[in-house]
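A short write-up of the structure that comes next.
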Amino acid sequence: MIPEKLYIPTSTLNFNNLMSSESISPASFYLRRGFGYKRFEKVAPNPLDNKIILFRECPDFEINDNELENYPLVIEIDTRYVNEDIIKEDNDICFSEETIYFNPFTTKFIFRNEQELISTISKSEPSIETKMVPLYQGCFITLAEYKDLKKFKWEKVEIEDSKNDISFNISKDRRINKLKGFLYAYLIAANKFISPDIVSLKKQVRILKNTLSAIITSPDGRATYTQDEQLKTIYKSINERFQKIFIVPVLREKSEKYKCDFYSLLTQENLWESWLRQNNFSKYQITPYYSTSKEKDAAFNNYMHTIESQILEVEAAQKRPLIYSSLLPVLQNYRIVNIPEQKEFLTKLFNEYLEEAYNSDEFIQSRYDFAKAGGKVFKDELQEQWNGSQWQQYINGLLKNLNEYSAFDLKSINNTTLESFAAFCQKGELDIDKLEDYLILNEIGDFRIAFSLWGIVFGFANMPKTLTNELFLSNDIEYITRIYKYIFKQLHSIELDGNLEKLETKKRLYEVKSEESKHIISEEDKKHTSTTNDNLDIKAMLKNCKLKREQLDSIDEIYKQNHYLINEKLFMEIKKIHGVGEKTIEKIRKSLNYNLSPSDKNKIPSLFENMKPESGNEFYLDSRVWNHIEKIIPKESQNKVKEEIEWIQKVHKENGYKKKSGEWVDLTDHSNSSVIKHFENNAKNRIDPELLKAIVTKLSEHYK
């Protein structure tokens with residue numbers, strides 16, 4: 001009899017693979033299935049190609065690998081939530097010749113210790129497809145934490161591999177990967193819906209960014225007459241759209257209230273600019289870019305960052321309610337049977353591309369054939385109305401564009417389905433962000449059709465976490481639970497029980513564990529790995545090492561290629577840089593706090609050092625300030641901003657500070673508005689004005 005809990009031994013090297021597809025397959029599947037990772041690391045207790053061995057108790061085994069950080073990992077599954085007949089039994093040995101799908105309600109990932117758990121998850125950060133980690137945080141557990149776990153010392157036993165044809169099972173995996181990609185893409189696209197006003201605003205901002213970038217990178221750094229005229233038009237267009245969204249409704253209300261043309265009254269009395277400032281509307285008026293700064297790239301990035309932050313505020317204010325499962329597509333027998341509030345034609349179109357022939361490789365190689373197949377679906381729908389119709393002309397124009405690179409106007413027809421289909425055929429690629437940009441540039445704010453086609457063709461395993469994080473990192477855990485359960489049931493016909501725990505809480509607990517574990521890492525392990533932090537400004541940390549600019553650039557690149565790890569491998573690569581000798585290496589080690597004694601490490605200053613999160617509502621006491629503003633701070637400005645925040649919090653906690661003259665300045669007003677104003681005044685000569693304005697706005701909104 002197959003027990004309720006079974007255990008699959010594998011390697012931590014497979015972690016990214018497992019978290020990209022949310023499943024584990026027999027090793028031979030990965031090279032043949034045509035999606036996701038192609039490499040799979042086999043381990044001694046699971047050495048077969050066509051079978052997954054599942055143990056009744058957790059196996060204790062070793063991996064002898066001196067080159068890679070390759071550790072044992074055991075996956076616990078609940079057989080009640082795996083489709084019947086997938087797991088079989090022969091001579092008391094449980095195995096599967098099919099893919100086993102995980103879920104964050106019952107699956108557990110068992111690591112030997114905290115260090116290996118943290119190391120594995122840290123290394124998953126640079127992988128764009130390793131997207132399920134936020135959802136599974138509560139599923140990662142160590143042997144020490146799992147008190148009731150039954151273990152046994154694994155010993156080698158000869159098990160015969162399967163010789164059955166795996167083609168059918170691989171075909172089923174392909175279909176599930178396509179459907180899962182489709183469901184999540186449709187959901188995320190529906191929640192990302194942008195109104196016509198916002199999508200038009202985003203389009204103009206992208207054009208502004210491209211135009212300014214072209215000017216800044218030109219040989220003389222000056223705008224041509226044509227570019228100057230273009231900029232005037234763009235600024236006018238952006239500000240008019242801002243006015244339409246925010247100011248016009250207020251003007252209309254005031255005009256009705258005071259029985260006058262309120263706008264004309266303000267302009268005639270020269271009060272327009274003053275009124276905008278008093279009502280904080282001036283932030284929705286874009287001023288032309290101008291910078292005398294030598295750091296032109298930084299100034300430009302700050303300028304664009306401020307504008308894009310304003311757009312995000314506008315977008316958030318107009319955000320529609322999240323869609324629930326009642327509006328999601330319905331599946332049956334691995335096909336789409338219905339899409340609520342959509343015409344039946346769309347179901348036919350999506351089902352056409354569920355066939356295995358339409359995979360990402362085939363699509364990239366022949367967009368023409370892909371579009372031609374879709375064109376046939378459009379033709380079959382219209383039947384006798386097809387010949388001579390706008391639809392026929394549009395599809396023929398698209399096919400000619402894809403085959404001969406001839407001109408094609410995506411907006412030559414007023415039909416979202418056709419426009420979205422054509423946009424995907426032209427710009428669909430692994431980087432879905434480029435498809436989104438193209439849709440916005442063509443003022444298509446409903447991404448559902450284009451994203452759904454992407455999900456079907458590229459599949460869930462290739463879906464980037466930059467897309468899924470918008471869902472999985474939401475604070476609405478009830479919503480995530482309901483959506484996840486719905487999609488899982490649609491794919492596997494299994495009803496999940498229970499609720500996901502709040503991700504914010506789990507994240508904080510996990511970070512605490514990470515900090516605690518630093519004290520239990522063995523001396524031997526310290527030789528091999530130190531820390532990982534993709535926000536670390538390594539150039540700034542090495543500013544006292546007297547390195548040349550090109551050397552710093554090389555070190556920064558090596559650091560990124562080393563997955564943001566500070567370890568011996570990093571220093572071995574740095575030694576290869578021309579002009580870097582042993583004495584310089586020692587200086588670099590010291591600056592990066594590597595191989596110092598624990599007592600010395602504790603002396604290294606960090607943002608909010610020794611500050612306890614006494615209050616989340618008082619700016620000067622809140623140790624999480626950085627979490628609220630990090631997204632709007634360019635990397636090159638982060639250290640400076642951190643220094644300013646750290647200083648302002650420190651002096652207010654100490655109720656004052658000493659001037660250079662020795663005079664003591666009392667600080668008794670610790671209200672949020674006062675401390676933020678103090679921060680602004682203190683930093684105005686050290687932080688770019690546009691960036692400082694954005695920071696102060698963000699802080700003022702959060703600490704009301």
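This one's a predicted model, so the numbers in the text were calculated from it and none came from an experiment.
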* Asked: For F447 and F193, what are the C-alpha separation, side-chain angles and deciding distance, and is it a side chain to side chain contact (heavy atoms under 4.5 Å, CB included)?
  -> CA-CA 7 Å; F447 304 148; F193 178 85; over 6 Å; no

* Asked: Side chain of N70, backbone of D65: donor and acceptor closer than 3.5 Å?
  -> no

* Could you give the distance from OG1 (T107) to CE (M132), rounded to the nearest 0.5 Å? -> 10.5 Å

* To do: Using a strict 4.0 Å threshold on nitrogen-to-oxygen distance, state whether R367 and E362 make a salt bridge.
  => no

* To do: Run through I487, N177, L179 and flag the one making a side-chain contact (heavy atoms from CB on, under 4.5 Å) with F460.
  => N177

* Structure fact -> Contacts satisfying side chain to side chain donor-acceptor pair (under 3.5 Å) that involve residues 329-344 (not counting sequence neighbours) are Y186-Q342

* Structure fact -> Exactly one of V74, I110, D60, N113 clears side-chain contact (heavy atoms from CB on, under 4.5 Å) with L143, and that residue is I110

* Yes or no on ring pair (Phe, Tyr, Trp, His ring centres under 6.0 Å) for Y101 and Y81, after CA distance, side-chain angles and deciding distance? -> CA-CA 9 Å; Y101 290 90; Y81 300 95; over 10 Å; no

* Pairwise distance OG(S28) to CD(E97) - rounded to 0.5 angstrom -> 9.5 Å

* **side-chain hydrogen bond (donor to acceptor under 3.5 Å, both in side chains) evaluation trace for S171 with E356** => CA-CA 7 Å; S171 292; E356 289 185 51; 2.6 Å; yes

* Asked: Is a side-chain N or O of N46 found less than 3.5 angstrom from the main chain of T10, in a donor-acceptor match?
  -> no

* Check ring-ring contact (aromatic ring centres under 6.0 Å, His included) between F152 and all other residues, then give those that pass, not counting sequence neighbours. => F55

* **is_close_aromatic(F363, Y358), centroid dist under 6.0 Å** => no

* **Ring-face cation of K180 near F488 (centre distance under 6.0 Å, axis angle within 45°)** => no

* So does E470 have more than 12 non-hydrogen atoms from other groups sitting under 6.0 Å from CD? -> yes

* Do we see a donor-acceptor contact under 3.5 Å between the side chains of D476 and S474? -> no

* Asked: Rounded to the nearest 0.5 Å, how far does CG of L54 lie from CG of L6?
  -> 5.5 Å

* Counting only heavy atoms not in K379, do more than 12 fall under 6.0 Å of its NZ? -> no

* **Electrostatic pair R112:E62 at N-O distance under 4.0 angstrom** => yes

* Asked: Counting only heavy atoms not in K88, do more than 12 fall under 6.0 Å of its NZ?
  -> yes

* Asked: Do T99 and D173 have side-chain N/O donor and acceptor atoms under 3.5 Å apart?
  -> yes

* **For the student: nearest non-hydrogen atoms of K5 and Y7, plus distance** => CB-OH, 3.9 Å

* Asked: Between CD of E495 and CG of D497, what distance do you get to the nearest 0.5 Å?
  -> 7.5 Å

* Asked: Checking K427 against Y438: charged group under 6.0 Å from the ring centre and within 45 degrees of the axis?
  -> yes

* **Separation of N17 CG from K38 NZ (nearest 0.5 Å)** => 12.5 Å

* Asked: So, for F182 and F350, is the gap between ring centers shorter than 6.0 Å?
  -> yes

* Asked: Which value, rounded to the nearest 0.5 Å, describes the distance between S360 atom OG and E429 atom CD?
  -> 12.0 Å

* **Residues that F345 engages under ring-ring contact (aromatic ring centres under 6.0 Å, His included), provided they are two or more places apart** => F378

* Begin from the C-alpha positions of S11 and N14 and carry the test side-chain hydrogen bond (donor to acceptor under 3.5 Å, both in side chains) through to its verdict. => CA-CA 6 Å; S11 159; N14 295 324; 4.8 Å; no

* Within 45° cone and under 6.0 Å: R39 NZ/CZ vs Y37 ring -> no

* To do: May I ask you to check whether F424 and F370 place their ring centers less than 6.0 Å from one another?
  => yes

* Asked: If you measure from the Lys or Arg side-chain nitrogens to the Asp or Glu carboxylate oxygens, is any gap between K172 and E98 under 4.0 Å?
  -> yes

* Close aromatic pair by centroid cut-off 6.0 Å: F15 and F140 -> yes

